[in-house]
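The structure appears right after this line, and notes come after that.
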Protein chains: 2
Amino acid sequence: MAFHLSDAQEKIKTGIDSGKMLIVIGECFVQYQGRAGSKLPKGKRMLLVKGDKSFAIHQNTKLRPINYMMNAQASVVLDSEKNALVISASKRKPKEKIDIYFYSIDFAESFDVEGEKELRLFGSERELSDLLMQDLSVLEKGLIPLNKEQMLRKGTIDIMAEDKDKNLVVIEVKRRRADLNSVRQLHSYMHQVESIKGRKTRGILCAPSIGKPTSELLEKYGLEYCKLDYEISNPHAEIKGLEKKQKTLFG
Amino acid sequence: MAFHLSDAQEKIKTGIDSGKMLIVIGECFVQYQGRAGSKLPKGKRMLLVKGDKSFAIHQNTKLRPINYMMNAQASVVLDSEKNALVISASKRKPKEKIDIYFYSIDFAESFDVEGEKELRLFGSERELSDLLMQDLSVLEKGLIPLNKEQMLRKGTIDIMAEDKDKNLVVIEVKRRRADLNSVRQLHSYMHQVESIKGRKTRGILCAPSIGKPTSELLEKYGLEYCKLDYEISNPHAEIKGLEKKQKTLFG
DNA sequence: GCGATCAGCGGCACG
DNA sequence: CGTGCCGTTGATCGC
């Protein structure tokens with residue numbers, strides 16, 4: 001045992017209050033009650049407490065913590081009966097609580113670590129959507145944009161457009177392979193637009209690829225698919241091509 | 001600088017190969033290219049490498065890592081021109097690569113940490129669904145279960161049942177507040193069942209709560225809502241009550 | 001605050 | 001392997 005629990009207590013308390021990144025490693029049992037409930041059997045793990053008061057218990061596999069709580073209030077108490085150092089973190093809205101019982105502590109240290117420095121990401125759906133919006137004619141001749149991110153009462157349409165025959169066109173953009181959910185979204189939006197505007201409306205799903213069942217559901221709903229080829233170059237993504245793959249009665 | 005980069009190199013290499021949990025803290029720049037692309041400006045951060053070869057770069061906020069890669073192959077190289085220790089992790093399927101440039105290292109250590117010990121969780125949707133399945137009559141008199149987790153060609157139905165009038169009933173269970181997606185799922189499933197079986201089908205959404213827009217869409221589709229009260233007690237969840245809140249032509 | 005959607009979603013279970 | 005969907009989803013943005 002590298003630490004006496006009482007020594008660790010002070011170190012952990014100070015660490016949490018300091019707003020630094022705190023790392024604690026030791027044998028622990030974890031209990032959670034809130035949106036769900038869980039118990040994690042005794043074992044050696046890492047507790048990671050960040051400056052924003054997020055608590056994460058990590059095992060030696062998986063990307064995500066096995067137990068966690070974010071934006072919590074914490075207490076560090078020595079339970080002399082159980083001979084354990086108990087770190088409790090709780091939250092309201094939703095009401096939840098996590099209790100971490102440390103029976104031994106191998107390591108406890110705080111580190112000065114960057115807080116909010118922002119990641120510059122490219123190739124997001126938003127970026128692709130913006131690019132498409134700039135020139136919808138690559139998708140189909142005569143297609144002109146009407147609106148972006150239009151809020152319906154029940155959902156948000158990626159791109160709203162009008163084709164050369166003055167039909168309304170709802171476009172749903174996906175950065176990765178389209179799935180059933182994508183189709184359900186598009187179908188729902190198209191239905192609402194038809195119902196509101198009272199005129200026939202087309203729906204186009206733009207994605208780099210699409211699976212068989214998804215494609216079948218798309219067809220069943222009378223929607224269209226357009227293959228979206230894009231490349232993520234250095235500072236920005238770039239659309240390489242669009243290819244209409246499926247037509248409906250409107251084609 | 002607590003470590004010479006060349007000393008750290010050996011420690012990190014050994015740490016990754018050992019399968020232990022490796023923690024590295026230092027000033028770094030991170031670059032990612034794969035499903036998307038990103039650059040993370042130079043700053044002090046923590047790198048967490050787990051036994052399953054998952055790599056995670058953590059800043060001092062948020063639960064999730066700012067950059068990551070799972071199940072990767074790694075190399076640790078000293079770049080004497082840039083005076084940096086470069087940790088690269090790459091993967092195929094999908095092809096992606098992350099490069100971490102450490103310019104200084106404050107801390108590098110490996111720890112023996114529990115790997116796969118399993119969390120016992122209660123209150124999952126699966127558990128609620130199982131409980132409901134045991135006695136559908138609490139939902140509606142005369143309702144009998146036909147099938148659970150029935151795979152359609154385009155989706156999976158939580159519970160399939162039959163009411164006292166021999167109508168088919170599709171039931172979608174949600175462990176938290178129902179949203180538009182829940183309704184879209186249910187609608188899609190009901191539509192498919194009707195189309196396959198060729199007879200009128202009801203759809204019931206079971207969730208602890210539902211919002212206004214979601215409720216409106218539900219009604220528009222002719223679906224029903226049933227409030228699901230449950231409690232997560234110690235080793236298991238428990239259904240406290242069900243209350244039919246919305247009726248359709250079938251009511 | 002709720003509402004809706006994206007995410008380099010991750011993770012799981014089933015075909 | 002892909003396909004579908006849950007998640008204590010988390011995180012973001014708009015109302």
Side-chain angles (χ1 to χ4, degrees), chain A residues 32-38 54 56 61-71 91 93-98 119 121-129 149-158 172-182 184-185 188-189 209-214 217 232, chain B residues 32-38 54 56 61-71 91 93-98 119 121-129 149-158 172-182 184-185 188-189 209-214 217 232:
Chain A
Y32 163 75
Q33 186 105 21
R35 287 172 286 176
S38 75
S54 71
T61 56
K62 308 292 159 63
L63 223 41
R64 300 191 178 177
I66 187 85
N67 268 130
Y68 58 90
M69 177 158 301
M70 39 194 294
N71 205 359
K91 215 167 97 72
K93 209 64 176 167
K95 188 181 178 187
E96 35 188 6
K97 186 172 195 289
I98 191 168
L119 182 76
L121 182 101
F122 29 100
S124 65
E125 178 186 311
R126 181 57 170 269
E127 194 181 346
L128 294 177
S129 181
E149 298 267 325
Q150 172 154 355
M151 296 285 258
L152 298 182
R153 283 177 52 114
K154 298 164 194 67
T156 311
I157 292 177
D158 279 349
E172 177 67 27
V173 181
K174 289 295 165 197
R175 69 176 308 286
R176 57 173 182 169
R177 177 175 262 248
D179 58 13
L180 293 182
N181 237 330
S182 323
R184 289 184 204 131
Q185 273 184 58
S188 174
Y189 300 153
S209 68
I210 187 170
K212 190 82 180 306
T214 303
L217 188 63
I232 42 185
Chain B
Y32 163 76
Q33 186 106 20
R35 285 172 289 177
S38 74
S54 72
T61 57
K62 307 292 160 62
L63 221 42
R64 299 190 178 176
I66 187 84
N67 267 128
Y68 58 90
M69 178 157 299
M70 38 192 293
N71 205 357
K91 214 166 97 74
K93 209 71 174 152
K95 187 181 177 186
E96 37 187 4
K97 186 172 195 291
I98 190 167
L119 181 77
L121 181 100
F122 30 100
S124 66
E125 177 186 311
R126 181 59 169 268
E127 194 181 345
L128 294 177
S129 182
E149 299 270 326
Q150 173 155 354
M151 297 283 257
L152 298 183
R153 294 237 331 238
K154 299 165 194 63
T156 310
I157 292 178
D158 279 350
E172 176 68 26
V173 182
K174 289 294 166 198
R175 68 177 309 287
R176 58 173 182 169
R177 178 175 261 247
D179 57 13
L180 292 183
N181 235 330
S182 323
R184 289 184 202 129
Q185 274 184 55
S188 173
Y189 301 152
S209 69
I210 188 170
K212 190 84 179 304
T214 302
L217 188 63
I232 44 183

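Source: prediction; values computed, not measured.
Heavy atoms only, all atoms of each residue included: A:L180 and B:G155 are closest at CD1-N, 3.6 Å. Nearest heavy atom pair, residue A:A36 against residue B:F122, reads CB-O, 3.5 Å. The heavy-atom pair separating B:Y189 from B:E172 by the smallest distance is CE1-OE1, 3.5 Å. When all heavy atoms are compared, the tightest approach of B:I232 to A:Q33 is O-NE2, 2.6 Å.
A:N181 comes within 4.0 angstrom of nothing in the nucleic acid, heavy atoms only. A:E96 comes within 4.0 angstrom of a base, heavy atoms only. Residue-level contact check: A:R175 touches the backbone only, with heavy atoms under 4.0 Å from sugar-phosphate atoms and none from bases. Across all strands shown, A:M69 has no heavy atoms under 4.0 Å from either base or sugar-phosphate atoms. Using a 4.0 Å heavy-atom cutoff across all strands shown, A:K174 reaches sugar-phosphate atoms only and no base atom. Among the protein residues, B:K95 comes within range of no part of the nucleic acid, since none of its heavy atoms lies under 4.0 Å from any strand. Nucleic acid contact for B:S124: sugar-phosphate only, since backbone atoms but no base atoms lie under 4.0 Å from a heavy atom of the residue. If you check every strand for non-hydrogen atoms under 4.0 Å, A:P94 touches nothing. Among the heavy atoms of the strands, none lies under 4.0 Å from A:K154. At the heavy-atom level, A:E172 lies under 4.0 Å from the strands shown only through sugar-phosphate atoms. Within the nucleic acid shown, B:G155 comes within 4.0 Å of sugar-phosphate atoms alone, with no base atom in reach, counting heavy atoms only. No contact: A:L217 has no heavy atom under 4.0 Å from any strand.
For the pair B:I157 and A:I98, nearest-nucleotide mapping onto DNA chain D gives the more 5' position to B:I157. Map A:A178 and B:K62 each onto its nearest nucleotide of DNA chain D; the residue landing nearer the 5' end is A:A178. If you find the closest nucleotide of DNA chain C to B:D179 and to B:I66, the one lying nearer the 5' end belongs to B:D179. Residue whose closest nucleotide on DNA chain C sits further toward the 5' end, between A:E125 and B:M151: A:E125.
Note: CG (B:D158) to P (D:dC5) measures 9 Å, nearest angstrom. The distance between atom CG of A:L121 and atom C1' of D:dA11, rounded to the nearest whole Å, is 13 Å. Rounded to whole Å, the distance from OH on A:Y32 to P on D:dG7 is 12 Å. One atom, CZ of A:R35, and another, C1' of D:dT9, lie 8 Å apart when rounded to the nearest Å. Computed from coordinates, the A:N71 CG to D:dA11 C1' distance equals 13 Å when rounded to whole Å. Straight-line distance from the CG atom of A:N67 to the C1' atom of D:dG7: 14 Å, rounded to whole Å. What separates CZ of B:F122 from C1' of D:dT8 is a distance of 11 Å, to the nearest Å. Remark: P of D:dG14 and CD of A:Q150 are 15 Å apart, rounded to the nearest angstrom.
To the nearest 0.5 angstrom, B:K154 atom NZ is 11.0 Å from A:R184 atom CZ. Residue B:R64 holds its CZ atom at 9.0 Å from CE of A:M70, rounded to the nearest 0.5 Å. From B:E149, atom CD reaches atom CG of B:D158 across 6.0 Å, with rounding to the nearest 0.5 Å.
For the OP1/OP2 pair of D:dG10 and a distance below 4.0 Å, the side-chain nitrogens and oxygens of A:Y68 include at least one atom meeting the criterion. Close to D:dG7, at under 4.0 Å from its OP1 or OP2, lies no side-chain N or O of B:R126. Side-chain N/O atoms of B:T156 include none lying less than 4.0 angstrom from OP1 or OP2 on D:dC6. Taking side-chain N and O atoms only, B:Q185 has no distance below 4.0 Å to OP1 or OP2 of D:dG4. Phosphate contact (OP1/OP2 of D:dT3, side-chain N/O of A:R177, threshold under 4.0 Å): present.
Under a 3.5 Å cut-off, the side chain of A:Q185 and the backbone N or O of A:T156 do not form any donor-acceptor pair. Panel note: side chain B:R175, backbone B:G123; a donor-acceptor pair is recorded below 3.5 Å.
In this model, no side-chain donor or acceptor of A:R64 finds a partner on the base of D:dT8 within 3.5 Å.
When DNA chain C is scanned 5' to 3' for any atom under 4.0 Å from a heavy atom of chain A, the first and last hits are C:dC2 to C:dC12.
C:dA7 and C:dG11 are spaced 14 Å apart, taking the C1' atom of each and rounding to whole Å. Nucleotides C:dC6 and C:dG10 place their C1' atoms 14 Å apart, quoted to the nearest Å. Comparing D:dG4 with D:dT8, their P atoms sit 22 Å apart, to the nearest whole Å.
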>> Please evaluate residues B:S38 and B:N67 with respect to the criterion side chain to side chain contact (heavy atoms under 4.5 Å, CB included), reporting the C-alpha separation (whole Å), side-chain torsions for both, the decisive distance (0.1 Å), and the verdict.
In response: CA-CA 9 Å; B:S38 74; B:N67 267 128; 3.3 Å; yes
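Out of D:dG7, D:dT9, D:dC5, the shortest distance to the side chain of B:Y189 is found at D:dC5.
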